[in-house]
Structure formats: C-alpha cells, structure tokens
Amino acid sequence: MVSPTLFSLFIVTAFANIVTPGMTNIVMMVLAAECGWKKTIPSIIATACALSLIYAVGLSALGIVIAQSPILFAGIKLTGVLFLLFLARQSFKKSKSGNLSNVTTESLGSSLDETPWVMFKKGFIVTLTNPQPIIFCLTVFPQFIDPNLAYWPQVLLMLVFHLVCGIVVKLGYVLLADRLRLLLLCGQGPVIIYRIAGSIFIAISLILIINTANGFF
C-alpha cells in the first residue's frame, strides 16, 4: 500500500514540521494561555478539519492553480494577517476590560465570545490562512508518494498520520501554555497574558506581511 522507506521518511519530516512552533502552534498556545486548555480543544479539532480541506484542495488541480498564482497565494496570506490583527485587537481589549485582579482559572476567558463554536472558527481560519501547511502540501508531500503504488491509499495514510500527530502535538503545546497560565493568575498576571497574546499576534502578522512583500520584490 505504501513504500516503507518513503513512509518512514515522511514520518520524520512531518513530525519535524508539526513540532516546529509555527504560526498555528503559537496561536493555539496563546488561546490556551487566554482561555485554558479545555476551551482550546475545539480550536485544535478545527485545525485538523482545516488541514483536511487544505490537503483536499492542494492535492487537486485547484492546488496547482493556487501555487502558480502569486496574487491569489498572497491574498490567502493577507487574509490570515487581517484575522491575526483582529485577534490582537480582542486580546488588548480584554486586557483593559474591567477588574482582572480577582480572576480565577474558571473566569479567565469565560466571556460569552469564547464559546466552543467561536474557538472552532478561530482555529479553522488561522489554519486555513496559514501558508506553512499549504506549502508543505504542494511541495513536500508529493516527494513521499511512490508513483508505482496506488495513489490514494498512500495519500490517505499520510494524511491520517499528519492529522493525528498534529492533534497530539498541539494538545501538548496547549497543556504547556495552560501551566504557564496558572502561574500568571496572580495580580496583574491576566493583563500580562492578554497583552503578550496581542503582541504575539501582531508580531506574526508583521512577519507574514514581510514574507508576502518579499515574494513580489
């Protein structure tokens, strides 16, 4: 069904790609620091759903069109920038909203706008507009497909591994961020969490803008 050699190489490559603290992993950690690891689970599930869609598109003819259109690809990146700036605005707004001195693990991030559906949408949009999995799908993924074997069984097996591994790694990241969150719950800790989160979102946005601009110059 698959080439043992190629699949072994894919496991190593995919794991290294997933473990790297890229845009999606960092956003998951920030959300966990703001809301707790339990509330971040819908976001983690959303990343898997978005990745499935990316692979479905990337491995089709539409993926080739996107890869060959710098303007369309830049548009995807800039959409992600706008959403990250929106998240940054939300974080800074929360840091100024009322008295956070008596916040608890249950109350931090428990506002009405942090429902499971909202958290799911955040994870889905961030992943869908993240250029890293798109590039991985279009350039790296095909290198591990054996042309002498059936195409779809190979693709499905690698996709399942990638999704499961991604969920496990992201869960580890959010649990780590949640522990940091517990350490910062005293005094001005919650304010610091929200301000750091907003700053991180802005930093990632600036990096994406620079990378997008470099593609045209």
Side-chain angles (χ1 to χ4, degrees), residues 15 17-54 79-130 132-133 160 162-205 207-208:
F15 182 75
N17 176 261
I18 294 169
V19 172
T20 302
M23 170 179 160
T24 304
N25 286 339
I26 292 175
V27 171
M28 291 301 104
M29 291 183 69
V30 171
L31 293 178
E34 286 188 339
C35 307
W37 74 271
K38 291 182 180 180
K39 284 200 170 187
T40 314
I41 290 178
S43 295
I44 295 176
I45 296 174
T47 64
C49 295
L51 278 176
S52 300
L53 180 59
I54 289 173
T79 300
V81 168
L82 292 175
F83 187 68
L84 285 172
L85 291 176
F86 168 74
L87 293 180
R89 179 179 176 275
Q90 280 193 324
S91 294
F92 283 119
K93 186 177 179 180
K94 290 173 184 175
S95 71
K96 299 177 182 178
S97 60
N99 181 20
L100 291 174
S101 60
N102 296 320
V103 72
T104 64
T105 57
E106 289 77 19
S107 62
L108 181 60
S110 63
S111 56
L112 293 176
D113 64 334
E114 305 300 346
T115 62
W117 173 238
V118 170
M119 296 297 287
F120 182 91
K121 288 191 294 184
K122 287 182 178 181
F124 190 85
I125 295 174
V126 165
T127 306
L128 200 62
T129 56
N130 180 11
Q132 184 181 11
V160 169
H162 199 281
L163 294 179
V164 172
C165 185
I167 290 174
V168 173
V169 169
K170 286 177 177 60
L171 185 58
Y173 270 121
V174 300
L175 287 173
L176 178 63
D178 189 71
R179 300 305 301 173
L180 176 62
R181 170 176 172 266
L182 294 177
L183 294 175
L184 293 174
L185 278 176
C186 301
Q188 291 297 308
V191 176
I192 295 174
I193 291 176
Y194 287 131
R195 289 178 179 174
I196 291 177
S199 300
I200 291 175
F201 288 139
I202 291 176
I204 298 175
S205 299
I207 292 173
L208 287 176

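It should be emphasised that the depicted structure is a prediction, and the values quoted were computed from it without experimental measurement. In what follows, residues are counted from 1 in the order of the sequence shown.
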Exercise. Hey, could you give me the CZ/CZ distance between Phe124 and Phe83, rounded to the nearest 0.5 Å?
Key: 11.5 Å
Exercise. May I ask you to test the Gln90-Lys122 pair for a side-chain heavy-atom distance under 4.5 Å?
Key: yes
Quiz item: For Pro42 and Pro116, which heavy atoms make the closest approach, and how far apart are they?
Solution: CB-O, 3.5 Å
Exercise. Have a look at Pro133 and tell me which of Thr47, Asn17, Ile54 forms a side-chain contact (heavy atoms from CB on, under 4.5 Å) with it.
Key: Ile54
Quiz item: What pairs with Leu82 under side-chain contact (heavy atoms from CB on, under 4.5 Å), at least two apart in sequence or on another chain?
Solution: none
Quiz item: For the residue pair Gly123 and Ala46, what are the closest heavy atoms and their distance?
Solution: C-CB, 3.9 Å
Quiz item: At what distance, to the nearest 0.5 angstrom, does CG of Leu84 lie from OG1 of Thr129?
Solution: 6.5 Å
Quiz item: What distance separates Leu175 CG from Lys170 NZ, expressed to the nearest 0.5 Å?
Solution: 14.0 Å
Quiz prompt | Nearest-0.5 Å distance, CE of residue Met29 to CG of residue Leu176 | solution = 5.0 Å
Exercise. Taking Thr40 for its side chain and Ser43 for its backbone only, find out whether a donor-acceptor pair lies under 3.5 Å.
Key: no
Quiz item: How would you list, by chain and number, every residue that makes a side chain to side chain donor-acceptor pair (under 3.5 Å) with Thr127, sequence neighbours excluded?
Solution: none
Quiz prompt | Contacts of Ile200 that satisfy side-chain contact (heavy atoms from CB on, under 4.5 Å) - sequence neighbours left out | solution = Ile26, Val30, Ile196, Ile204
Quiz item: Minimum heavy-atom separation for Ala48 to Leu163, with atom names?
Solution: O-CD2, 3.5 Å
Practice problem: Not counting sequence neighbours, which residues clear side-chain contact (heavy atoms from CB on, under 4.5 Å) with Ile18? List them please. | Solution: His162, Cys165, Val169
Quiz prompt | Qualifying residues under side-chain contact (heavy atoms from CB on, under 4.5 Å), relative to Val160, sequence neighbours excluded | solution = Val164
Quiz item: Can you name the residues that form a side chain to side chain donor-acceptor pair (under 3.5 Å) with Thr24, not counting sequence neighbours?
Solution: Asn130
Quiz item: Looking at side-chain heavy atoms only, is the closest gap between Val19 and Tyr173 below 4.5 Å?
Solution: yes
Self-check item: Residues in ring-ring contact (aromatic ring centres under 6.0 Å, His included) contact with Phe120, at least two apart in sequence or another chain
Solution: Trp117
Self-check item: Value rounded to 0.5 Å, distance of CZ in Phe201 from CE in Met23
Solution: 9.5 Å
Practice problem: Identify the two heavy atoms, one from Gly198 and one from Ala88, that lie closest to each other, and give their separation to 0.1 Å. | Solution: O-CB, 3.5 Å
Quiz prompt | Interatomic distance, Ile41 atom CD1 to Leu171 atom CG [nearest 0.5 angstrom] | solution = 6.5 Å
